[in-house]
Novice: 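The structure that follows is given in the form of structure tokens.
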Amino acid sequence: MLNDWQHGGFGLYLHWPFCQAKCPYCDFNSHVSREVDQDAWLEGFKNEISLYSRQTEGRTLDSIFFGGGTPSLMTPKTVEGILDTVRSHWALDTECEITMEANPTSVEAANFEGYRKAGVNRLSLGVQSLNDLDLKRLGRLHDVAQAMNAIELARSVFDNMSFDLIYARQDQTIEDWEDELHRALALEPSHISLYQLTIEAGTAFGDRFAAGMLKGLPSEDLAADMYDLTISTCADAGLLSYEVSNFARPGVESRHNRVYWRTGDYIGIGPGAHGRITVNGTRYATEAAKMPAKWLDMASEAGAETVRAKLNAKEMEQEFLLMGLRLTEGVDLARHPSLIADPDFLKNFKYLKDLELIKMVGDRLIVTPQGRPLLNSVTRQLLAD
Amino acid sequence: MTELDKIRNFSIVAHIDHGKSTLADRLIQETGTVKDRDMKEQLLDAMDIERERGITIKANTVRIDYRADDGKDYVLNLIDTPGHVDFAYEVSRSMRAVEGSLLVVDSTQGVEAQTLANVYQAIEADHEIVPVLNKIDLPATDCDRVAEQIEDVIGIDASEAIKVSAKTGVGIRETLEAIVTKLPPPKGERDAPLKAMLVDSWYDAYLGVIVLVRVIDGVLKKGERIKMLSTKAAYPVERIGVFRPQMEMIDELGPGEIGFLTASIKQVRDTRVGDTITHEKKGTENALPGFKPSQPVVFCGLFPVDNAEFEDLRDAIEKLALNDASFSYEMETSAALGFGFRCGFLGLLHLEVIRDRIEREYNIELITTAPSVIYHIHMRDGQMIELHNPADMPDLTTVDHLEEPRIKATILVPDDYLGDVLKLCQDRRGIQQDLTYAGSRAMVVYDLPLNEVVFDFYDRLKSVTKGYASFDYQMIGYREDRLVKMSILVNEEPVDALSTMVHFDRAEQRGRAMVEKLKDLIPRHMFKIPIQAAIGGRVIARETLSAMRKDVTAKCYGGDATRKRKLLDKQKAGKKKMRQFGKVDIPQEAFISALKMDN
């Protein structure tokens with residue numbers, strides 16, 4: 001019999017916490033530091049990799065992902081050192097996806113070839129906007145011309161690349177976005193991530209928003225219209241919405257992110273990184289020390305993990321639905337038979353089904369296109385007691 | 001014991017914010033009754049709510065020793081009274097316990113409606129009245145104009161009004177001298193049988209019920225057995241004391257003196273304000289003219305936000321009622337809100353004070369339903385029923401007609417705002433009774449239905465006059481009118497807690513306003529929700545709350561799973577603050593906000 005995580009696969013996430021500058025919307029664990037001792041960090045990663053490999057012996061990695069922060073600030077040598085270590089501890093699937101997040105500034109683009117040589121086979125570019133003024137407002141260090149160059153270069157170096165845009169920005173009209181989206185699609189990406197701007201507490205935007213100083217954000221209705229437009233425009237261009245904010249030609253969906261959404265196992269290494277690993281049939285949520293200096297200290301000693309929490313059946317069901325219903329393919333309810341036996345779940349299921357927000361296709365519970373823009377409410381209702 | 005001619009008993013009449021409490025503080029300070037280092041603002045307002053709102057709710061007293069310019073030592077007893085219209089009754093009984101009043105008027109503002117209402121009570125109680133013009137330190141002070149106004153509007157001589165700044169202390173000494181020289185000493189017979197007035201009472205956690213008394217004749221001593229004339233109940237006097245303003249125990253109180261007693265009385269309800277206290281043996285048979293007990297006029301439902309707190313709420317309400325005979329309650333069940341209490345209050349301020357105290361002192365979050373007045377329902381079979389809750393409205397086929405309580409409202413307003421005030425009164429079904437001028441201020445008298453006033457009339461009045469109007473009212477009785485019960489249906493289901501009584505001619509307008517308000521107050525759901533107002537089976541107003549359109553998190557990756565899961569649990573807790581009606585969640589604040597009228 002399969003372990004449940006095997007439905008989702010096995011991935012490795014590596015977090016590089018440093019940025020050249022902090023973006024006002026970003027709530028990831030990122031820090032601005034002038035001097036980073038990359039050799040010391042490489043050693044830290046190596047130790048952590050070795051520690052986690054002992055708990056997951058014999059497994060095959062489906063995906064490796066360098067996220068951040070700005071992982072494209074790592075030298076190719078550091079990346080190579082990490083990937084060599086990974087290969088020495090786990091087998092890699094023949095299709096193993098090795099993704100690097102990168103910013104389109106010229107300095108970072110200069111490293112693309114080096115990353116490819118180190119083993120990276122997919123690049124995810126943080127383009128964010130095709131409008132210079134908005135790039136400035138988003139606090140980005142690149143302009144549109146640099147973004148275009150970076151896309152061009154990335155494409156010549158990597159077979160597989162994707163880029164991100166942020167929309168529903170301040171003062172953006174639906175026409176503005178339609179135009180920008182068409183320009184993006186004209187670049188013929190095979191994968192694209194399109195995120196509505198989210199104001200997170202604890203960010204510069206969050207503070208401004210709380211102070212009533214962040215004006216021109218779209219109304220709920222406009223945001224909904226923009227979302228509908230995004231899905232249909234991408235579909236017309238052959239990019240299917242396989243997840244809430246992710247679009248791809250069939251076959252090039254991100255393997256790494258599907259490990260999360262299909263609630264597979266993933267190891268999280270680096271400051272503040274989260275993981276989910278199943279050991280002897282028990283699934284654990286792990287977290288590493290958040291502050292970079294602290295993490296580095298711990299990683300070079302006994303290990304940087306600060307949290308290892310056993311997930312109970314209820315929590316696993318919650319994550320299964322929270323993550324899985326984001327996917328257009330939905331979830332296979334047979335993976336959690338206790339859900340179907342729960343009268344609350346059945347009552348909530350019927351309520352949402354009657355509203356045509358969810359439906360069953362075989363054993364799979366799927367959120368309908370009408371339900372997708374209301375996914376948070378739908379999930380909340382499904383899990384209500 | 002103090003000789004009668006060395007006693008002066010007085011109260012202070014003032015509009016809110018005209019400086020009554022500050023003046024009282026200064027009198028206490030000037031005479032050294034409280035050491036400077038123990039002074040705090042508004043000494044006599046003991047409750048947090050009193051201090052915060054700058055109002056006095058319970059009567060307070062203080063005994064002040066004063067050596068006058070004639071070289072003799074006097075005892076001055078100040079009874080501080082509530083200034084708000086809700087507590088008019090408490091004012092009247094306190095007035096009866098003293099012989100004179102200081103009439104404090106803000107020399108930058110002039111006479112206000114509350115001043116009028118209270119000063120008439122003082123005149124009715126045969127008080128000698130000493131006008132005091134306060135706030136003379138402010139640049140806008142105009143003593144001549146205000147003195148003239150006092151003579152014109154109230155009709156008392158203000159030529160010798162004392163000019164005071166309670167803030168800086170100017171005129172405080174003169175005020176003390178005027179109390180001694182202008183106010184009459186009390187009368188009384190030391191050798192006559194004991195006759196004392198029960199002025200007020202409250203519950204103290206350590207001492208039990210504390211009874212504030214004014215001795216008329218005879219002497220009240222510790223250890224004696226006393227009897228309440230109205231209830232015939234007898235008690236042994238355990239303690240006798242005076243307030244300075246903190247308690248100071250003494251052995252006896254003689255004629256003309258004001259102080260307190262404790263006597264193992266269990267509940268405030270066992271003491272009737274205005275009652276006559278005498279000795280159990282050889283007491284007087286002649287009762288003082290009693291007061292009519294104050295009756296609640298405004299009712300509303302108080303429900304715990306969390307149903308599990310119902311017993312805590314019961315406990316809180318019982319404790320508050322122990323100390324407040326004018327607050328009534330009975331259990332109520334609502335299909336919408338579960339278990340709670342239907343509570344009666346003297347007015348809206350009283351309601352707010354009680355509600356705030358429950359929330360603050362007992363830490364129970366409350367849902368307050370629409371305030372309602374008592375309607376008289378005359379049935380076809382000739383009997384009359386009192387309706388305290390619109391949800392209890394009987395079948396219309398059995399009803400002959402309805403009557404509602406009316407009030408006489410007196411409003412003083414600068415003439416710039418007169419038009420707005422008249423419009424407000426007309427909109428609230430008022431009938432104009434009188435309109436006169438005193439200088440640039442108009443005095444408007446309206447006959448108004450109480451139900452149009454209980455909710456937000458005072459707020460609206462303050463808002464349309466930028467705070468310059470003052471308002472007071474008295475009940476004038478019941479009158480028949482065409483009143484109907486308006487129900488609110490949310491997603492086709494009636495919500496009992498939103499039912500209100502409205503005048504037939506206003507029903508459509510009110511219904512429209514309410515459904516529009518509710519449309520804004522209820523959050524969007526995953527489906528569209530019709531919101532309707534109806535009289536009987538007839539829908540008179542309808543709005544549709546459109547379905548939610550977007551609620552989805554843009555990014556959710558491996559690092560977000562834990563956070564999203566925790567957020568889900570938090571949102572579940574948040575949902576408990578809503579009330580579910582069928583499939584619709586209604587936020588608690590909607591029950592009150594829906595009723596506020598903007599025009």
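Each chain gets a letter, A, B and so on, in the order its sequence line appears, and its residues count up from 1. Note that this is a predicted model, so its numbers are computed, not measured.
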Novice: Under 4.5 Å heavy-atom distance to chain B, tell me which part of A:Ala273 shows up: side chain, backbone, both or neither.
Specialist: neither
Novice: Between A:Gln196 and B:Val552, is there a side-chain heavy-atom distance shorter than 4.5 Å?
Specialist: no
Novice: Just so I know, are the side chains of A:Leu355 and B:His525 near enough to count as touching, which here means a heavy-atom distance under 4.5 Å?
Specialist: no
Novice: With side chains defined as the heavy atoms from C-beta onward, is the minimum distance between A:Asn376 and B:Gln571 less than 4.5 Å?
Specialist: no
Novice: Identify which part of A:Val259 has an atom lying under 4.5 Å from any heavy atom of chain B, answering side chain, backbone, both or neither.
Specialist: neither
Novice: For chain A, which residues from residues 553-564 of chain B have at least one heavy atom closer than 4.5 Å to it?
Specialist: B:Thr553, B:Ala554, B:Lys555, B:Cys556, B:Tyr557, B:Gly558, B:Gly559, B:Ala561, B:Thr562, B:Arg563, B:Lys564
Novice: Check whether more than 12 heavy atoms from other residues, nucleotides or ligands sit under 6.0 Å from atom OH of A:Tyr195, and answer yes or no.
Specialist: yes
Novice: Mind listing the closest non-hydrogen atom pair of A:Leu311 and B:Arg565 along with its distance?
Specialist: CD2-NH2, 3.3 Å
Novice: Side chain, backbone, both or neither: which part of A:Asp354 has a non-hydrogen atom closer than 4.5 Å to chain B?
Specialist: neither
Novice: Tell me, side chain or backbone of A:Glu315 under 4.5 Å from chain B's heavy atoms, or both, or neither?
Specialist: both
Novice: Count the heavy atoms belonging to other residues, nucleotides or ligands that lie under 6.0 Å from NZ of A:Lys359, then report whether that count exceeds 12.
Specialist: no
Novice: Can you tell which part of A:Leu197 gets under 4.5 Å to a heavy atom of chain B, answering side chain, backbone, both or neither?
Specialist: neither
Novice: Relative to chain B, which segment of A:Glu220 carries a heavy atom at a distance below 4.5 Å: side chain, backbone, both, or neither?
Specialist: both
Novice: What part of A:Glu356 gets closer than 4.5 Å to chain B, counting heavy atoms only: side chain, backbone, both or neither?
Specialist: neither
Novice: Should the pair B:Arg549-A:Asp228 be classified as a salt bridge under the 4.0 Å nitrogen-to-oxygen rule?
Specialist: yes
Novice: Can you tell which part of A:Ser377 gets under 4.5 Å to a heavy atom of chain B, answering side chain, backbone, both or neither?
Specialist: both
Novice: Against chain B, work out which of A:Thr379, A:Leu375, A:Val378 has the most heavy-atom pairs shorter than 4.5 Å and name it.
Specialist: A:Leu375
Novice: For A:Leu383, is it the side chain, the backbone, both or neither that has a heavy atom under 4.5 Å from a heavy atom of chain B?
Specialist: both
Novice: Could you tell me which portion of A:Arg372 (side chain, backbone, both or neither) has an atom closer than 4.5 angstrom to a non-hydrogen atom of chain B?
Specialist: backbone
Novice: Counting only heavy atoms not in A:Phe209, do more than 12 fall under 6.0 Å of its CZ?
Specialist: no
Novice: Looking only at heavy atoms and a cut-off of under 4.5 Å, which of A:Tyr227, A:Phe28, A:Tyr351 has the most pairs with chain B?
Specialist: A:Tyr351
Novice: Only pairs at least two apart or in different chains count here, so list each salt bridge (Lys or Arg N to Asp or Glu O under 4.0 Å) that has a residue in residues 373-385 of chain A.
Specialist: A:Arg380-B:Asp551, A:Asp385-B:Lys572
